[in-house]
Amino acid sequence: MEEKLRTIKEEAHTEITQSQSETTLREIEIKYLGRNGILTSILRNVKDLKPEDKPIVGKLGNEIKIYIANLIEEQSKKLQNKKFAEQEKEWIDISAYTLEPKITGHLNPLTSLQYELEDIFKNMGFHVWEGPYLEKEEYNFTALNIPQDHPARDMQDTFWIDKNHVLRTHTSPVQIRAMQSLKPPFRVIVPGRVFRYEATDASHENTFYQLEGLMIDKNISISHLIYTMKTFLSAILHKDIEIRLRPGYFPFVEPGLELEISCIFCDKKGCSICKHGGFIELMGCGLVHPDVLKYVNIDPEVFSGFAFGMGLERLVMLKHRINDIRYFLGGDLRFVTQF
Ligand code: FA5
């Protein structure tokens, strides 16, 4: 019996040390140590052995039982460590890029145009200025020669915040801010968002962008205005542009003018875009009104200036042949990803 037990020990040793999975180990455990396992059965039957064999087989049987149990546990640990070591080899670095990142963001066509305009004007000696969206009523109207109760206030439908504040209806109030802060001569442009309490249609938004320009110096005349407009419009539209001026009413300039450009689509021959007139209306402009200069303590006898204000959407629409201004704020990716 002693010999049989030693053979069982050797066989169990071989099986355990050669096993490669937890499942096999559990099967071996059941085979030797389970309720009806080989070793369990031998120990259960010790009582039937000869009295002199009982202590030897009992002792040796129990030693082998502990030996097998320990060996199974040891092998189990070895298998687990091996498994972890293998996993470590194929460790995934989640911080590493496996694919090229997809870049979908880019500048909105309005922003690109604004940056292009800023570059053109900077080359002509203009500084870029900004002003607040929530503007004092005084700067949006009164200082621009549009006093309270003047009918000109109705020309721009206004979001009133309270009696003294509005969402600016144009970038012209920044003219006042610039003239109060800078000493003439100077040149500034002011790109920015403006707001009007207006019903929208293909060419009108309630939130849109304007670009304001202001030049104050000695002896400024309409010729300076025309030259500057022609230069920047030809640069931005990559074409020689012809300009036409018609009288326009803006209380803060005198004379006030509406500027039209020769149609870039038909070269003045007439088409649906210029409504067969050969020219397209683009912006308001004029020479700064003496009353506005006086309001900011600039002597109109010494200094004069020109100012202009145009809608940026309208210019982008011309450049890219966009037929509805509402696309800009529509949030349709098919629209923005074209540019
Ligand atoms: C003004 O806002 C004047 N501040 C412009 C100005 C500045 C005149 C300096 C003289 C000197 P007007 O309301 O016409 O003027 O607007 C100027 C431009 O903004 C228009 O020519 C047009 O291009 C654009 N615009 C006006 N209303 C809208 C609108 N609802 N949606 C989109 N663009 C608009």
Side-chain angles (χ1 to χ4, degrees), residues 109-110 113-114 117 121 126 129 131 135 139-146 151-159 166-179 187-216 220 222 224-226 228-229 232-233 236 243-261 279-293 304-319 322-330:
L110 277 170
L113 181 84
Q114 181 186 322
L117 287 170
F121 277 104
F126 284 75
W129 262 59
E135 185 55 279
Y139 286 178
N140 200 80
F141 294 123
T142 314
L144 289 166
N145 211 16
I146 315 173
R153 286 208 178 187
D154 297 339
M155 286 163 65
Q156 298 177 354
D157 298 304
T158 310
F159 288 109
V166 298
L167 285 182
R168 67 179 184 191
T169 53
H170 49 173
T171 39
S172 300
V174 191
Q175 283 189 33
I176 304 298
R177 291 177 176 276
M179 286 191 279
R187 298 164 209 192
V188 292
I189 53 158
V190 185
R193 231 176 212 195
V194 300
F195 310 86
R196 293 196 192 173
Y197 184 50
E198 234 175 88
T200 60
D201 62 28
S203 51
H204 292 86
E205 255 297 356
N206 49 39
T207 302
F208 56 100
Y209 283 80
Q210 284 192 339
L211 185 111
E212 191 85 9
L214 174 68
M215 177 175 182
I216 303 285
I220 294 295
I222 292 286
H224 295 100
L225 172 68
I226 294 175
T228 312
M229 298 296 96
F232 102 80
L233 285 167
I236 203 83
I243 278 177
R244 202 164 78 173
L245 295 166
R246 284 192 299 111
Y249 177 59
F250 305 98
F252 38 97
V253 281
E254 179 58 40
L257 304 159
E258 290 280 0
L259 182 143
E260 297 176 341
I261 58 166
F279 280 82
I280 300 171
E281 194 178 298
L282 200 62
M283 69 176 104
C285 54
L287 294 183
V288 182
H289 198 291
D291 286 349
V292 175
L293 292 174
S304 50
F306 69 71
F308 62 91
M310 68 177 159
L312 285 190
E313 280 84 354
R314 300 258 172 102
L315 197 53
V316 178
M317 287 167 81
L318 272 182
K319 234 177 122 99
I322 298 164
N323 59 9
D324 197 317
I325 196 170
R326 289 166 292 194
Y327 284 125
F328 288 97
L329 293 177

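Each ligand, and each atom within it, is numbered from 1 in the order the structure gives.
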Handout entry: Close side-chain approach of His170 to Gln175, heavy-atom, < 4.5 Å
Key = no
Practice task
Calculate, to the nearest 0.5 Å, the distance between atoms CD and CG belonging to Glu258 and Leu282 respectively.
Solution key: 10.0 Å
Handout entry: For Glu198, the ligand 1 atoms whose distance to one of its heavy atoms is below 4.0 Å
Key = 30 (N)
Exercise for the section: Looking only at distances, please establish whether an N/O atom of ligand 1 is found under 3.5 Å from an N/O atom of Ser172. Expected result: yes
Practice task
Give a yes or no on whether the backbone of Val194 and the side-chain of Arg168 come within a donor-acceptor separation of less than 3.5 Å.
Solution key: no
Handout entry: Residue Tyr197 excluded, over 12 heavy atoms near OH under 6.0 Å
Key = no
Handout entry: Closest protein heavy atom to atom 2 (O) of ligand 1, given as residue, atom name and distance to 0.1 Å
Key = Arg196 NH2, 2.9 Å
Exercise for the section: Output yes when a side-chain donor or acceptor of Arg153 lies under 3.5 Å from a complementary backbone atom of Ile146, and no otherwise. Expected result: yes
Exercise for the section: Can you sort out which atoms of ligand 1 are near His170, meaning under 4.0 Å from one of its heavy atoms? Expected result: 2 (O), 3 (C), 4 (N)
Fill in the blank from the handout: The closest protein heavy-atom partner of atom 18 (C) of ligand 1 is Gly311 N, 3.6 Å
Exercise for the section: Enumerate the atoms of ligand 1 whose separation from the nearest heavy atom of Gln175 is less than 4.0 angstrom. Expected result: 9 (C)
Exercise for the section: Spell out, as yes or no, whether a donor-acceptor pair under 3.5 Å connects the side chain of Ser203 to the backbone of Asp201. Expected result: no
Practice task
Between Glu281 and ligand 1, find which residue part has any heavy-atom pair under 4.0 Å and reply side chain, backbone, both or neither.
Solution key: neither
Problem - All ring pair (Phe, Tyr, Trp, His ring centres under 6.0 Å) counterparts of Phe195, not counting sequence neighbours - result: Tyr133
Fill in the blank from the handout: Between Ile216 and Leu214, the two heavy atoms sitting closest are CD1-CD1, 3.8 Å
Problem - Residues Tyr209, Val316; criterion side-chain contact (heavy atoms from CB on, under 4.5 Å); working and verdict - result: CA-CA 11 Å; Tyr209 283 80; Val316 178; over 6 Å; no
Practice task
Examine the proximity of ligand 1 to Met155 and report which part, side chain or backbone, both or neither, has a heavy atom under 4.0 Å away.
Solution key: neither
Handout entry: Any Gly248 heavy atom less than 4.0 Å to ligand 1
Key = no
Exercise for the section: Would you mind listing which atoms of ligand 1 come within a distance below 4.0 Å of any non-hydrogen atom of Gln156? Expected result: 1 (C), 2 (O), 13 (O)
Completion exercise
Counting heavy atoms under 4.0 Å, the part of Cys285 that contacts ligand 1 is backbone
Handout entry: Criterion ring pair (Phe, Tyr, Trp, His ring centres under 6.0 Å) against Phe126, the qualifying member of Phe308, Phe232, Phe121
Key = Phe121
Practice task
For the residue pair Leu318 and Ile280, establish whether any side-chain heavy-atom pair is separated by less than 4.5 Å.
Solution key: yes
Fill in the blank from the handout: protein heavy-atom neighbour closest to atom 31 (N) of ligand 1 works out as Glu205 N, 3.0 Å
Fill in the blank from the handout: To the nearest 0.5 Å, atom CG of Leu287 lies from atom CG of Leu257 at 7.5 Å
Exercise for the section: With heavy atoms under 4.0 Å as the rule, classify the contact between Phe252 and ligand 1 as side chain, backbone, both or neither. Expected result: side chain
Exercise for the section: For Glu212, counting its heavy atoms only, list the atoms of ligand 1 lying under 4.0 Å from any of them. Expected result: 7 (C), 9 (C)
Practice task
Please state which part of Asn206 comes within less than 4.0 Å of ligand 1, counting heavy atoms only: side chain, backbone, both or neither.
Solution key: neither
Problem - Heavy-atom nearest neighbour in the protein, as seen from atom 21 (O) of ligand 1, with distance rounded to 0.1 Å - result: Leu282 O, 3.3 Å
Fill in the blank from the handout: So for His204 against ligand 1, with non-hydrogen atoms under 4.0 Å, the contacting part is both
Completion exercise
Residue, atom and distance of the protein heavy atom nearest atom 16 (O) of ligand 1 read Gln210 NE2, 3.4 Å
Exercise for the section: Please could you name the atoms of ligand 1 that Ser203 approaches to less than 4.0 Å, counting only its heavy atoms? Expected result: 31 (N), 32 (C)
Completion exercise
Honestly, for Glu313 the part within reach of ligand 1 (heavy atoms, under 4.0 Å) is neither
Practice task
For atom 26 (C) of ligand 1, state which one of Phe208, Tyr209, Phe195, Phe328 supplies the nearest heavy atom.
Solution key: Phe208
Practice task
Mark yes or no for whether Ser304, through its side chain, and Ile220, through its backbone, hold a donor-acceptor pair below 3.5 Å.
Solution key: yes
Handout entry: Nearest non-hydrogen protein atom, atom 14 (O) of ligand 1
Key = Phe250 CE2, 3.8 Å
Exercise for the section: Walk me through it: do Leu312 and Leu113 pass the test side-chain contact (heavy atoms from CB on, under 4.5 Å)? Expected result: CA-CA 8 Å; Leu312 285 190; Leu113 181 84; 3.8 Å; yes
Handout entry: atom 22 (C) of ligand 1 - nearest protein heavy atom and its distance
Key = Arg314 NH1, 3.2 Å
